[in-house]
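As structure tokens, the structure follows; a few thoughts come after it.
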Amino acid sequence: MFKISLPDGSVREVPAGTTPADVALAIGPGLAKAALAARIDGELRDINRPFERDSQLALVTSRDEKDALELVRHDYAHVLAEAVQSLFPDTQITFGPSTDDGFYYDFAPKDRAFTEEDLPAIEAEMRRIIARDEPLVREVWSREDLIARWQAEGESFKAEWAAELPDAEELTVYRAGRGEDAWLDMCRGPHLASTGKLDPQAFKLTRVSGAYWRGDQNNAMLSRIYGTGWLNRKQLDQHLTRLEEAAKRDHRRIGQEMDLFHLQSEAQGSVFWHAKGFLLWRALEAYMRRRLDAAGYAEVKTPQLMDARQWEQSGHWGKYRENMFVVPDEVPHAPEDGEADDAPVLSGQADLMALKPMNCPAHVLIFRQGIKSYRELPIRMAEFGCCHRNEPHGALHGIMRVRQFTQDDAHIFVREDQLIAEVRAFCELLDSVYRDLGFEDYAVKLALRPDKRFGSDAMWDKAEAELREAVLQSNLSQAIKDKFEELPGEGAFYAPKLEFHLTDAIGRTWQVGTIQSDRVLPERLDATYVGEDGQKHRPVMLHRAILGTFERFIGILIEHHAGRFPLWLAPVQAVAATIVSDADGYAAEVVSALTAAGLRAEADTRNEKINYKVREHSLAHVPYLLVLGKREAEERTVALRPLGEGAKQEVLSLAAAIERLRREATPPDLRKPLD
RNA sequence: GCCGGGUUAGCUCAGCUGGUAGAGCAACCGCCUUGUAAGCGGUAGGUCGUCGGUUCGAGUCCGACACCCGGCACCA
């Protein structure tokens, strides 16, 4: 007999062989029907898996949404795999987990990868499997039997996986269906009791893609099918609506609609900033420059091209050479008379220069000019540095991932005793900047030592602990600290990093800010300062950025605000739109007055109806329209109309309107407390 | 770089099984002097991503390349 404790504090004695489903039925048929799985001593388990000892039991129903979604999505993945093998019998199965909004499964097809055209048929087969209500039964297998089974079935990926699972782990298989036709997959579980527990209308296969076996590009390319899965149809519909709404916030789309920037193949991966986009950039850059000035940074500017030997010495050449743009240090040879037009203009023998992929070596070179005293540290050296990296083609993405970008970069040279306080101060500066820009919520991660790295283990132990300590000591909100996570193996080759991530419109997260504590580069580039003891010491170098790159950060800003920027960032802050041509002269006056007050304003005196102008400027997300008719021109007032459908407007004197806008357009760091 | 999909007018897109291109919006011209999210009429605009092939004939079929999109891998 086992003693089973329930959440209400009651205890039931049950004989061996009893399952959570039995307990649920004993409590009531309603609960038995609703129960999807069980939490046994905190662990999620199959509802039909018998108790093994005295246990705490909590039955999981769809009300426990997080658990329920996880279970359902995992089951959808299994049903997907069963459906694919039923339609494409020669396809090997590999692995298929749940994701944040659904599931995927990786297959090794016999001859061709799946395409989106295959999805409707697979969905239909999945619905048939759900309709058959196949029981999902857990079985424990021996490793030998399991490997033999997979080999017999031609499932080489599963066989490989089975052979490598740790000895301590029980090897389990789930049998879907009945009798000879049952379909098997190796899986840790847990699963629902049967496929019929899934809602056949609450999932959708969304896309196909390639994916490497075990995430390693040296392995086979598998064919992955993604789906989204929910507890019911309503949730699915809501999710699909969210995706549609998110697509409207895509920075590439808004960038075009608002005339902010464009990209074209002649400069792939580099942004053509249009006038309006660059106004936004300038507002952001001016803000960052003020914040850095106030925080004790000194701004520098360093060369775009440096001798390749410099990159060898810093260690970047060895690791990143193929991602650097390299140019020969040579004057091209001018064609001479009688020489073929296609004669080489470069000798191929010249020394190499490289476009800088980062600013840090140049900053060390500035640091090394003259002798530095311990009294001068910390030295905070900032640069809005324009860098080039030859990113893999498949990595490029709008303006979020580009080949030419400008960082709000800085390197802080500190003594060991100053390090934690500097990191902490950085975290607090970053938090303040993100809040000013409208981001209350972001993720902080600590990327730990990678396999291939410079420096001793002792150095890494110390550096990782310092960053961890600094972030936890800082004044970041508890909500952000609660989400803090560590990423093994993700650090840079010379230093661990704190990473600060923001989320884009469709839920992809992007690293923006970072800080890295580096003891390798000062060593390799021989940076020293004179200590109190008169001896030479190595400074620690903190590599740090808050926005990361202007390109990516502006992309995120666009999506976060859906193009409706706060007034201080909006490229065009106000448009003076006339109703009748009699107001044209007054409109010009209004725009001059706004411009003189430091506001970014334009006049729209086109021969169009006011309805048309309102609609057009609203779609362009212009924050304020100053509507000017005959009345306003005569009374020297403006009808101030904020962005928004059916927005309530106010008629103000021109001076009052300007004062209102000027005040609202003041960047957050320049606002006086009383404002 | 890898897998899959795509590229037609300034923008969004249609163009079935091959028979020398079409819509809406935008642009331009004209009318309307207009009061808060599209006033009306007209005109013009494309060597269908590039190169090559099949064919009497290619936007359409085949191949290569370029770029874009969705993932994977990468991200100093």
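In the text below, chain A, chain B and the rest are named by the order of the sequence lines, each starting its count at 1. Here the structure is a predicted model, which means the values were calculated and not measured.
- Taking atom CG on N611(A) and atom P on rC40(B), their separation rounds to 12 Å, with Å as the unit.
- If you measure from atom CZ of F107(A) to atom P of rG71(B), you get 19 Å, rounded to the nearest angstrom.
- Under the 3.5 Å distance criterion, the side-chain polar atoms of R552(A) are matched with a main-chain donor or acceptor of Q511(A).
- To the nearest whole angstrom, the two C1' atoms, one in rG1(B) and one in rA73(B), are 8 Å apart.
- Without hydrogens or angle criteria, K158(A) side chain to F95(A) main chain gives no donor-acceptor distance under 3.5 Å.
- Between Q649(A) and D582(A), the residue anchored closer to the 5' end of RNA chain B is D582(A), taking for each the nucleotide with the nearest heavy atom.
- For the pair R224(A) and Y104(A), the cation sits on the ring face: its NZ or CZ lies under 6.0 Å from the ring centre, inside 45° of the axis.
- rA9(B) sits 14 Å from rU47(B) when the C1' atoms are compared, rounded to a whole Å.
- Between the C1' atom of rG1(B) and the CG atom of N218(A) lies a distance of 12 Å, rounded to the nearest Å.
- A gap of 23 Å separates the C1' atoms of rC28(B) and rU8(B), to the nearest Å.
- Distance alone, capped at 3.5 Å, is enough to place a donor-acceptor pair between the E632(A) side chain and the G629(A) backbone.
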Taking N or O atoms only and anything under 3.5 Å, show me the protein contacts with nucleotides 24-30 of chain B, one pair per line.
| unit_1 | atom_1 | unit_2 | atom_2 | d |
| --- | --- | --- | --- | --- |
| rA26(B) | OP1 | Y612(A) | OH | 3.3 |

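- Remark: H397(A) is in phosphate contact with rG70(B), judged by side-chain N or O atoms under 4.0 Å from OP1 or OP2.
- K613(A) places a side-chain N or O within donor-acceptor distance of the main-chain N or O of D604(A), the cut-off being under 3.5 Å.
- Atom NZ of K630(A) is separated from atom P of rU33(B) by 12 Å (rounded to the nearest Å).
- Distance check on atom P: rG59(B) versus rU17(B) gives 15 Å, rounded to whole Å.
- Remark: C1' of rG5(B) and CG of D118(A) are 12 Å apart, rounded to the nearest angstrom.
- Side-chain to base pairing of E632(A) with rG35(B): one donor and one acceptor N or O lie within less than 3.5 Å of each other.
- When rounded to the nearest whole Å, the span between CE of M400(A) and C1' of rG70(B) equals 15 Å.
- Within 4.0 Å (heavy atoms only), A577(A) reaches no atom of the nucleic acid at all.
- Proximity of Q256(A) to the phosphate of rG10(B): no side-chain N or O atom is located under 4.0 Å from OP1 or OP2.
- To the nearest angstrom, P of rG39(B) lies 11 Å from CD1 of I610(A).
- A gap of 38 Å separates the P atoms of rU50(B) and rA38(B), to the nearest Å.
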Expected rows: protein N/O vs nucleotides 65-68 of chain B N/O, under 3.5 Å:
| unit_1 | atom_1 | unit_2 | atom_2 | d |
| --- | --- | --- | --- | --- |
| rC67(B) | OP1 | Q268(A) | NE2 | 2.1 |
| rC67(B) | OP1 | H393(A) | NE2 | 3.3 |

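- Under the Watson-Crick or G-U wobble criterion, with both distances below 3.5 Å, rC31(B) is paired with rG39(B).
- Comparing the same atom, P, in rG49(B) and in rC13(B) gives a spacing of 15 Å after rounding to whole Å.
- In this structure, the NE2 atom of H262(A) is 14 Å from the P atom of rG10(B), given to the nearest Å.
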Report task. Take W317(A) and Q310(A) through the test side-chain hydrogen bond (donor to acceptor under 3.5 Å, both in side chains) and record every step on the way to the result. Result -> CA-CA 9 Å; W317(A) 193 257; Q310(A) 185 63 55; over 6 Å; no

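- Judged by the 6.0 Å and 45° rule, R544(A) forms no cation-pi pair with F426(A).
- Relative to the six-membered ring of W230(A), R73(A) meets both conditions, a distance below 6.0 Å and an angle of at most 45° to the axis.
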What does the list of N/O pairs under 3.5 Å between the protein and nucleotides 72-76 of chain B look like, with a distance for each?
| unit_1 | atom_1 | unit_2 | atom_2 | d |
| --- | --- | --- | --- | --- |
| rC72(B) | O4' | G210(A) | O | 3.0 |
| rC72(B) | O2' | Y212(A) | N | 3.1 |
| rC72(B) | N4 | G394(A) | O | 3.4 |
| rA73(B) | O2' | Q217(A) | OE1 | 3.4 |
| rA73(B) | O2' | Q217(A) | NE2 | 3.2 |
| rC74(B) | O2 | R401(A) | NH2 | 2.8 |
| rC74(B) | N3 | R401(A) | NH1 | 2.9 |
| rC75(B) | O2 | R401(A) | NE | 3.4 |
| rC75(B) | O2 | R401(A) | NH1 | 3.1 |
| rC75(B) | O2 | R401(A) | NH2 | 3.4 |
| rA76(B) | OP2 | K497(A) | NZ | 2.9 |
| rA76(B) | O4' | Y320(A) | OH | 3.3 |
| rA76(B) | O3' | Y494(A) | OH | 3.2 |
| rA76(B) | O2' | Y494(A) | OH | 3.3 |

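- rG6(B) and rA44(B): their P atoms are spaced 35 Å apart (whole Å).
- No close placement of the F454(A) and Y494(A) rings is indicated, their centers lying 6.0 Å or farther apart.
- Taking the centre of each ring, F107(A) and Y105(A) come in below the 6.0 Å mark.
- When all heavy atoms of Q404(A) and E551(A) are compared, the closest pair comes out as O-OE2, 3.7 Å.
- Comparing rU20(B) with rA58(B), their C1' atoms are spaced 9 Å from each other, to the whole Å.
- Counting only heavy atoms from C-beta outward, the side chains of E257(A) and L619(A) never approach each other to under 4.5 Å.
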